[in-house]
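Taking it in order: structure first as structure tokens, then the write-up.
Below, all heavy atoms of this structure are taken into account, side chains as well, without hydrogens, waters or symmetry copies. In this text the structure is predicted, and so the values were computed from the model without any measurement.
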Amino acid sequence: MDTATEPETEQVVFVTEDGVPTGETGPKLASHHEHTRLHLAFSCYVLRRSDNALLITQRALHKKVWPGVWTNSVCGHPAPGESLEDAVLRRADYELGLPSLSGLHCVLPKYRYRTPPFQGIVENEFCPVFAAWADVEPAPNPEEVGDWRWIPWLDYTELLNDATANVSYWAKDQYAQLKGIEPFSGL
């Protein structure tokens with residue numbers, strides 16, 4: 001098994017406010033707490049090629065960080081020395097069972113966020129956001145994904161605006177910027 005995907009050994013890359021690696025890394029799980037240092041991450045929105053429906057996922061209930069919340073398709077952290085694009089592809093394969101994505105491109109290269117505490121954990125990430133398309137159905141890893149579904153962008157908008165929905169902080173925060181840019185502005 002690729003050790004870069006095993007939670008016990010996965011490392012995060014600490015960065016400056018501009019997303020430049022500091023040269024320091026830390027263990028992923030131990031690095032997420034109430035005083036999480038700024039580190040490099042990514043988010044990716046996977047659209048179905050046939051109808052541009054968005055793949056949303058519910059994080060597995062046993063995950064340490066944001067368990068059970070609905071969010072965009074896949075999120076993760078690049079390993080030290082790994083490109084963001086390679087990290088997106090690695091995690092899409094590992095989490096979603098999607099070994100290939102087409103049209104992968106960065107839509108928000110400088111996205112950065114810090115969450116309020118959630119069960120004692122603060123996310124603090126420089127997190128470029130990607131879009132891509134899939135031509136096959138996912139086969140999610142139950143260690144990562146509790147549930148999933150394809151939904152039209154309009155339904156995603158309604159989900160994010162539903163105060164009772166259990167949706168990730170970053171999905172709501174990213175939406176404000178995504179809705180006005182391609183490919184999302186055309187959906």
### Query
With a 4.5 Å heavy-atom cut-off, do E17 and R112 have their side chains touching?
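Contact flag for E17/R112 side chains = yes.
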
Spacing of [atom1] belonging to [X] relative to [atom2] belonging to [Y], to within rounding of 0.5 Å:
X    : Y    : atom1 : atom2 : value
L154 : L54  : CG    : CG    : 12.5 Å
Q11  : T25  : CD    : OG1   : 4.5 Å
D135 : S50  : CG    : OG    : 8.5 Å
D162 : K172 : CG    : NZ    : 8.5 Å
N141 : E95  : CG    : CD    : 8.0 Å
N72  : L160 : CG    : CG    : 9.5 Å

Modelled atom types, side-chain donor and acceptor of [X] and [Y], under 3.5 Å:
X    : Y    : answer
T115 : W170 : no
N124 : Y113 : no
N52  : W133 : yes
D18  : T16  : no
R59  : T71  : no

Compare every heavy atom of [Y] with every heavy atom of [X], then report the nearest pair and how far apart it is.
X    : Y    : value
P78  : S83  : CB-O, 4.4 Å
P128 : C106 : CB-SG, 3.9 Å
R91  : C75  : NE-O, 4.4 Å
C127 : Q174 : SG-NE2, 4.3 Å
R114 : Y169 : O-OH, 3.6 Å
P142 : H62  : O-CE1, 3.6 Å

### Task
Walk me through it: do S185 and K179 pass the test side-chain contact (heavy atoms from CB on, under 4.5 Å)?
CA-CA 5 Å; S185 61; K179 67 181 181 179; over 6 Å; no

### Task
Would you please test Q58 and R149 for side-chain contact (heavy atoms from CB on, under 4.5 Å) and show each step?
CA-CA 9 Å; Q58 182 186 41; R149 64 180 170 228; over 6 Å; no

#### Entry: salt bridge (charged side-chain N to carboxylate O under 4.0 Å, His left out) partner of R37, the single match among E123, E125, E24
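Output: one option passes, namely E24.
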
### Query
Centroid-to-centroid, W153 to Y175, below 6.0 Å?
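Yes - the distance between ring centres of W153 and Y175 falls below the 6.0 Å cut-off.
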
### Query
Backbone N or O of D155 within a donor-acceptor pair of the E158 side chain at under 3.5 Å?
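Side chain of E158 to backbone of D155: no pair is present.
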
### Query
Has the side chain of S43 got a donor or acceptor atom that lies under 3.5 Å from a matching backbone atom of V129?
no

### Task
Begin from the C-alpha positions of V69 and F118 and carry the test side-chain contact (heavy atoms from CB on, under 4.5 Å) through to its verdict.
CA-CA 11 Å; V69 300; F118 183 88; 4.2 Å; yes

### Message
One pair to check against ring-ring contact (aromatic ring centres under 6.0 Å, His included): Y45 and F184. What are the steps and the verdict?
### Response
CA-CA 10 Å; Y45 291 74; F184 308 102; 5.6 Å; yes

### Query
If you group Ile, Leu, Val, Met, Phe, Trp and Tyr whenever their side-chain heavy atoms sit less than 4.5 Å apart, what else falls in with L104?
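Other cluster members: V13, V15, L38, L40, F42, V46, L55, V74, L84, V88, L89, L96, L98, L101, F126, F130, V136, V145, W148, W150.
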
### Message
Please tell me whether W66 and V122 are part of a single hydrophobic cluster in this structure, the criterion being side-chain heavy atoms less than 4.5 Å apart.
### Response
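In one cluster: no.
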
### Query
With hydrophobic residues grouped by side-chain heavy-atom distances under 4.5 Å, do L187 and V167 end up in a single group?
yes

#### Entry: Carboxylate-amine/guanidinium proximity below 4.0 Å for E144 and K63
yes

### Query
Counting only heavy atoms not in K110, do more than 12 fall under 6.0 Å of its NZ?
no

### Task
Tell me, with the steps shown, if E82 and R90 meet side-chain contact (heavy atoms from CB on, under 4.5 Å).
CA-CA 10 Å; E82 182 181 36; R90 173 177 54 82; 2.8 Å; yes

